[in-house]
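Presented below is the structure to which this report refers.
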Amino acid sequence: TANLSGDVTLTLPKASIDLSTAGTDGQFLKTNGAGTLSFATPSGGKILQVVSGTYSTETGTTNSSYTDSGLTLNITPSSGTKVLVMVSIGAYTHRSSHDSTRGLFNIMRDTTQITQWVHGIDADTDDSSVNAQAWTATTRTHLDTHGADGSTAVTYKVQMKKDEGTGIYMSWNNYPSSIILMEVAA
């Protein structure tokens with residue numbers, strides 16, 4: 001590790017371009033690895049748009065089939081891009097008169113499931129009078145290849161269902177849950 005202070009001089013390969021006039025705002029200087037320099041425009045990974053939403057209404061289900069949670073958001077991405085979906089579900093709980101309690105969360109793109117995850121607790125007890133509760137938060141991030149053409153909105157939503165126990169609750173006591181969609185250049 002060098003401790004640099006003051007002016008630093010870098011020696012670049014002999015340029016085949018006039019560095020004083022080439023390049024435009026936002027471009028960078030790159031090399032082909034054989035000593036040839038050129039200017040290029042960055043591509044890929046750039047965030048093109050961001051939309052976000054919150055849902056602060058306590059929602060619960062005792063169903064073992066997926067139920068819409070109310071956490072839904074639309075984005076109209078361009079063709080050939082990807083959408084980074086980030087979900088944070090705040091202060092939910094599972095209630096159970098069993099020794100374990102679990103719920104499943106699901107992220108849908110329109111009618112297609114793109115990811116699913118489980119959250120809950122397992123308790124080791126033979127006492128059926130023990131109630132298991134989990135007051136926590138859970139997050140999920142997923143990079144989605146959406147297939148949209150730039151003219152149609154895509155809807156992302158969170159669904160939930162009980163897996164084991166008596167129910168699953170989101171936005172417990174109206175604590176907010178959130179969803180953020182970021183369109184990412186390919």
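A 4.5 Å side-chain heavy-atom check between Glu58 and Asn173 finds at least one atom pair inside the cut-off. Inter-residue side-chain proximity for Gln159 and Thr67 is flagged as unmet; no heavy-atom pair is nearer than 4.5 Å. With contacts defined as side-chain heavy-atom distances shorter than 4.5 Å, the pair Ile179/Leu181 qualifies. Side-chain contact check for Glu183 versus Pro77: some heavy-atom pair is nearer than 4.5 Å. The side-chain heavy atoms of Met160 and Tyr169, taken from C-beta on, include no pair separated by under 4.5 Å. Looking only at side-chain heavy atoms (C-beta outward), Leu29 and Phe39 come within less than 4.5 Å of each other. Looking at heavy atoms from C-beta onward, Val51 lies in side-chain contact with Leu73 at the 4.5 angstrom threshold. Taking 4.5 Å as the limit, some side-chain heavy atom of Leu71 sits within range of a side-chain heavy atom of Met170.
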**OP:** Step by step, work out the side-chain contact (heavy atoms from CB on, under 4.5 Å) result for Val87 and Ile107.
**Re:** CA-CA 9 Å; Val87 173; Ile107 298 176; 3.6 Å; yes

Take Val154 and Arg109 through the test side-chain contact (heavy atoms from CB on, under 4.5 Å) and record every step on the way to the result. CA-CA 7 Å; Val154 178; Arg109 177 198 345 102; 3.3 Å; yes

- Do Ser79 and Asp149 pass the side chain to side chain donor-acceptor pair (under 3.5 Å) test, and can you show the C-alpha distance, the side-chain angles, and the key distance before you say yes or no? CA-CA 4 Å; Ser79 178; Asp149 62 4; over 6 Å; no

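Note that CZ of Phe105 is 12.5 Å distant from OG1 of Thr115, once rounded to the nearest 0.5 Å. Rounding to the nearest 0.5 Å gives a distance of 13.5 Å between NZ of Lys161 and OG1 of Thr62. Atoms CD1 and OG, from Ile168 and Ser64 in turn, are 12.5 Å apart once rounded to the nearest 0.5 Å. In this structure, OG in Ser38 is found 7.5 Å from CG in Asn32, a value given to the nearest 0.5 Å. To the nearest 0.5 Å, atom CD1 of residue Ile75 and atom OG1 of residue Thr152 are 13.5 Å apart. Note that the CD atom of Gln116 and the OH atom of Tyr66 stand 3.0 Å from one another [nearest 0.5 Å].
Put simply, the side chain of Thr138 never gets that close to the backbone of Ser88: no donor and acceptor are under 3.5 Å apart.
In terms of heavy atoms, Asn63 sits closest to Thr61 at N-OG1, 3.0 Å. Minimum interatomic distance between Tyr55 and Gly70 (heavy atoms only, all atoms of both residues): CD1-O, 3.3 Å.
Residue Leu143 belongs to a hydrophobic cluster whose other members are Ile47, Val50, Leu84, Met86, Ile180, Met182, Val184, with links defined by side-chain heavy atoms closer than 4.5 Å.
Using a cutoff of 4.0 Å between basic side-chain nitrogens and carboxylate oxygens, Lys157 and Asp68 are scored as salt-bridged.
The closest side-chain donor-acceptor pair between Asp110 and Thr112, if any, does not fall under 3.5 angstrom. Side-chain contact check for Thr59 and Ser69: no donor-acceptor pair (N or O, by modelled atom type) lies under 3.5 Å. With hydrogens and angles left out, the side-chain atoms of Asn174 and Ser56 include no donor and acceptor closer than 3.5 Å. Side-chain atoms of Asp144 and Tyr156 include a donor-acceptor pair closer than 3.5 Å.
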